[in-house]
Amino acid sequence: MSKYFLLQDSERCIGCQACEVHCKTNKSLSVGPALCQNMSVGPVEVGGVPRVRFVFMPCFHCEEPWCLNVCPSGAIKKRDADGIVYIEPALCIGCKSCITACPWGACQWNPTTSKAVKCDYCKDRVDQGQKPACVTKCLTQCLQFGEATRLPDHRRERFAKTVAADSFSLKDMPAGR
Amino acid sequence: MTSNKAPNVSGVESSGRRTVNSLCGMCAVRCPIQVEVEDGRVKWLQGNPNDKAMETSLCSKGAAGLVMEYDDERPQHPLIRTGERGTGQWRRASWDEALDYVAGKLKEVMDEYGGKGVVLSDRGGPFTDLTKSFLKALGSPNYFNHDCTCGRNAHHATQSLFGMGRTGAVYDIKNTKHIVLYGRNLIEALQVKEAKEFINAMSAGAKCTYIDPRATLTASKATRFWQIRPNTEYALNLAMINHVLEEKLYDAEFVDCWCTGLDELRQAVRPYTLEWQEQHTGIPADEVKAFLREIAAAAPRVMFHAGWMTARHSQSFYTSRTSHILNALFGAIETPGGVCLSKKAADAGKKDIKSLAGRIPKVEEKRVDGLGWKYKHWDTGPGLLHLLFPAIESGDPYPVGAYIVYRHDPMTALPDPDEQKRYFDKLKLIVSIDVNYSETGWYSDVILPESTYLERANIIASKGGLKPSFQMRDQCVAPRFDSRPAWWIFRELAKRLGVGEYFDFETIEEIWDYQLEGTGVSLKDLREKGLVSLAAKPILWDRAEGLKFKTPSGKIEFISQKLTDAGLPSIAPFQPPKELAEDEFLLLFGRSAAHNHGHTMNNPLLHELSPENALWLHPDRASELDIGDGDLVEVMSDGYSAKGKAKVTPWIHPDAAFLLHGYGRTIPLQTRAYQKGIADQRLQKGLLTVYDPAGGGNVLTECTIRVRKA
């Protein structure tokens with residue numbers, strides 16, 4: 001796997017799909033290919049209230065990318081330094097093998113160029129110390145990006161706060177959280 | 001400067017890379033943005049991180065601004081109608097020709113009816129000094145905005161209690177412990193900063209009670225969801241107030257100090273018990289009781305949201321009013337986590353920007369819609385647009401001959417466009433000034449294309465809030481087509497109508513200098529950050545002494561003298577919604593995060609996210625009609641019918657059907673959105689001139705429809 005991880009906190013996600021548009025505008029993609037998609041499931045009833053879950057689907061940048069293995073022209077590459085899997089457009093012959101092979105639907109067809117396209121974690125931005133477009137402009141910061149070993153997990157913090165809040169009376173809760 | 005060249009802000013046409021701080025223009029929220037420009041082309045849009053509440057976040061519409069800019073399906077040059085209105089026959093005109101034509105027609109109207117015979121509507125916001133100045137210069141009192149189909153009921157309700165308007169109430173969501181929302185779908189009818197605050201508060205353990213006949217995505221984030229019977233929230237509020245008073249759950253100290261009319265309020269709500277409301281709303285009395293205990297424990301860090309878009313039913317005004325009464329009863333006023341009072345530049349000890357309208361003599365004529373003289377309990381500011389239509393028809397109190405629609409689309413926003421056309425046909429001139437084709441623009445005589453928000457600069461905006469600020473929309477790139485900024489269009493018209501002296505600015509920079517004079521804020525400061533805050537930290541007045549309410553009594557008026565004088569009760573008796581026939585539904589409408597009303601339906605990427613709407617129906621009602629999920633259905637209302645897909649879901653109340661608003665466009669040049677989905681406003685037959693008698697807002701959710709399998 002790449003050394004990066006793109007974490008989605010579904011609790012904070014509002015399903016606005018801005019990530020999808022941030023991605024497409026950054027990559028100058030028109031209607032059709034979606035390098036990431038925020039899938040929503042629900043609403044279902046959980047304890048008397050409606051609940052919707054969101055599952056963010058970019059490319060997972062597999063350790064052994066099936067797309068790379070089937071690519072006949074060597075267009076799909078994996079960077080040694082960080083494991084980002086990307087397509088070199090000049091080498092892509094448009095055979096769509098990667099689209100067939102990817103179990104996650106990450107490889108997409110770009111009708112404008114007649115080549116395959118996929119998420120590269122916005123490697124140009126990452127190389128400049130920035131985060132992918134979807135993460136940078138995420139409306140609620142439900143998307144986080146970083147080295148997998150260093151990502152903070154707000155889910156633990158939130159759980160701890162909820163447990164703690166139950167043990168305080170509401171009036172005691174501090175202001176300006 | 002000739003009309004042949006767009007008046008660009010200096011430096012816009014230079015090559016190389018620039019970062020421009022500006023304001024988004026994809027919806028009326030106008031979020032602060034940063035725009036990366038390379039060799040005259042927009043490369044990247046993001047939130048302006050100089051605004052700490054915004055950071056670099058941007059919504060899908062904001063991101064799709066880049067696609068809007070480089071899309072060709074918008075008016076590219078002035079158009080003058082050649083065929084019958086609405087038939088789509090146009091000819092290209094130069095700016096000089098189009099402006100001469102419009103000015104000539106306006107002159108005819110003014111010669112015959114006086115300046116007051118010209119009316120204009122826009123969609124409000126922080127730049128209306130320009131449009132108001134234009135009308136004022138012409139001698140017309142008839143400035144309107146869109147608010148009769150938006151927040152007028154909440155606005156007037158807020159005014160009757162606190163003396164300030166709807167936006168004078170600032171919801172301090174980030175510090176709240178419990179937010180109560182009556183259909184305020186704040187993660188889909190989206191304002192970036194508000195949605196962020198909401199999610200931050202919920203992440204930090206706040207509670208949210210969401211009350212709506214439909215489960216929106218906001219409902220899916222709430223800790224409690226009440227699927228209330230449509231148009232009955234007022235019954236719930238009356239019963240809650242009664243219970244709070246009976247059980248002494250309220251903040252007696254705050255109420256004694258800052259509120260008047262408690263005894264009369266107590267009398268007025270006495271008949272309404274929690275059990276009584278249950279038969280109207282369907283919400284179990286026990287649940288409401290438990291909820292109110294929770295609220296009382298969390299008070300004053302609680303808020304009952306008085307609504308944003310409240311043009312819903314004939315008691316929406318009283319729903320908003322009683323929501324704010326609950327805020328006052330729980331002492332949740334001007335306190336962290338509650339409802340705070342918006343502050344202006346003067347409250348921060350600063351001088352506000354100089355008004356353009358300030359230089360123009362006051363207009364003494366009375367308004368054509370009767371506000372200020374016939375209807376004295378309403379704010380004259382933006383009028384009530386639905387009252388314009390009967391005045392056009394009758395010529396009473398005087399005739400109207402010309403209507404300028406600027407960034408506003410009444411035929412999408414107000415009910416029954418066919419009925420509107422009947423009134424429009426009596427006008428000598430309809431002009432649309434807009435970035436996009438609008439339904440109304442398509443029916444107009446002249447379309448004057450405004451440059452996009454990335455291609456134009458606006459006058460400087462002064463924004464109220466806990467930290468009042470100045471904000472600016474700067475020009476990022478030169479216009480792609482033969483379009484112009486609004487300040488230039490109105491100036492050119494004013495010149496041709498002999499009132500150019502009030503618009504004697506050659507460039508937007510000259511206007512900015514005029515506006516900023518004496519404020520102590522320089523253009524350089526503004527440009528550097530995109531916004532200048534006038535206060536170092538949020539201004540909260542000391543509740544022990546410092547609250548200022550602009551009501552006659554200077555207090556929060558549970559019983560409003562202004563309403564009494566107008567012959568209206570401050571707490572009206574509850575009117576149950578009209579009984580539905582067995583096969584009828586109440587048609588509700590709303591928004592998704594992907595679109596802004598009707599303005600973005602044709603944007604390539606937003607259209608891709610949400611190309612059409614579907615009619616939500618409850619499974620029990622759908623099965624009676626043999627309708628399954630995804631089936632094609634026909635929706636009918638008083639002679640009009642439309643076809644679309646059904647979405648069968650338990651998350652809509654059985655009495656109601658629901659449609660996302662803005663679909664069913666009829667402009668062939670918008671090839672993507674053309675005839676996709678159902679236009680809810682076309683089903684709102686007979687509702688154009690029906691309104692809440694106390695608040696003045698339209699009653700858009702009193703529309704009944706029938707449905708059958710197509």
Side chain, backbone, both or neither of [X] within contact of chain B (heavy atoms, under 4.5 Å):
| X | value |
| --- | --- |
| A:C16 | both |
| A:Q17 | both |
| A:S30 | backbone |
| A:F159 | neither |
| A:E157 | neither |
| A:A34 | neither |
| A:V135 | neither |

Between [X] and [Y], does the ring centroid distance fall short of 6.0 Å?
| X | Y | result |
| --- | --- | --- |
| A:F145 | A:F5 | no |
| B:Y210 | B:W226 | no |
| A:Y121 | A:H61 | yes |

Check whether [X] gets within reach of chain A through its side chain, its backbone, both or neither, counting any heavy atom under 4.5 Å.
| X | answer |
| --- | --- |
| B:E55 | side chain |
| B:L217 | side chain |
| B:A222 | backbone |
| B:L190 | side chain |

Euclidean distance, A:F56 CZ relative to A:Q8 CD, rounded to 0.5 Å =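 Reported to 0.5 Å precision, the distance equals 7.0 Å.
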
Selection from A:V31, A:L29, A:T25 maximising heavy-atom pairs under 4.5 Å formed with chain B =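 Top option by heavy-atom pairs under 4.5 Å: A:V31.
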
Top contributor to chain A interface from [options] [non-hydrogen pairs under 4.5 Å]:
| options | result |
| --- | --- |
| B:A215, B:G337, B:C59 | B:C59 |
| B:Q46, B:K221, B:K43 | B:K221 |
| B:L609, B:D172, B:V67 | B:L609 |
| B:V192, B:T218, B:L66 | B:V192 |

A:R125/A:D120 salt bridge by N-O under 4.0 Å criterion =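 No, no charged N to carboxylate O under 4.0 Å.
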
Under 6.0 Å from the six-membered ring centre of [Y] and within 45° of its axis: does the NZ or CZ of [X] meet both?
| X | Y | answer |
| --- | --- | --- |
| B:R214 | B:W651 | no |
| A:K118 | A:Y86 | no |
| B:R41 | B:Y70 | yes |
| A:K115 | A:W109 | no |

Hey, mind stepping through B:D71 and B:R672 against salt bridge (Lys or Arg N to Asp or Glu O under 4.0 Å) and telling me if it holds?
-> CA-CA 12 Å; B:D71 181 30; B:R672 307 169 198 105; 2.8 Å; yes

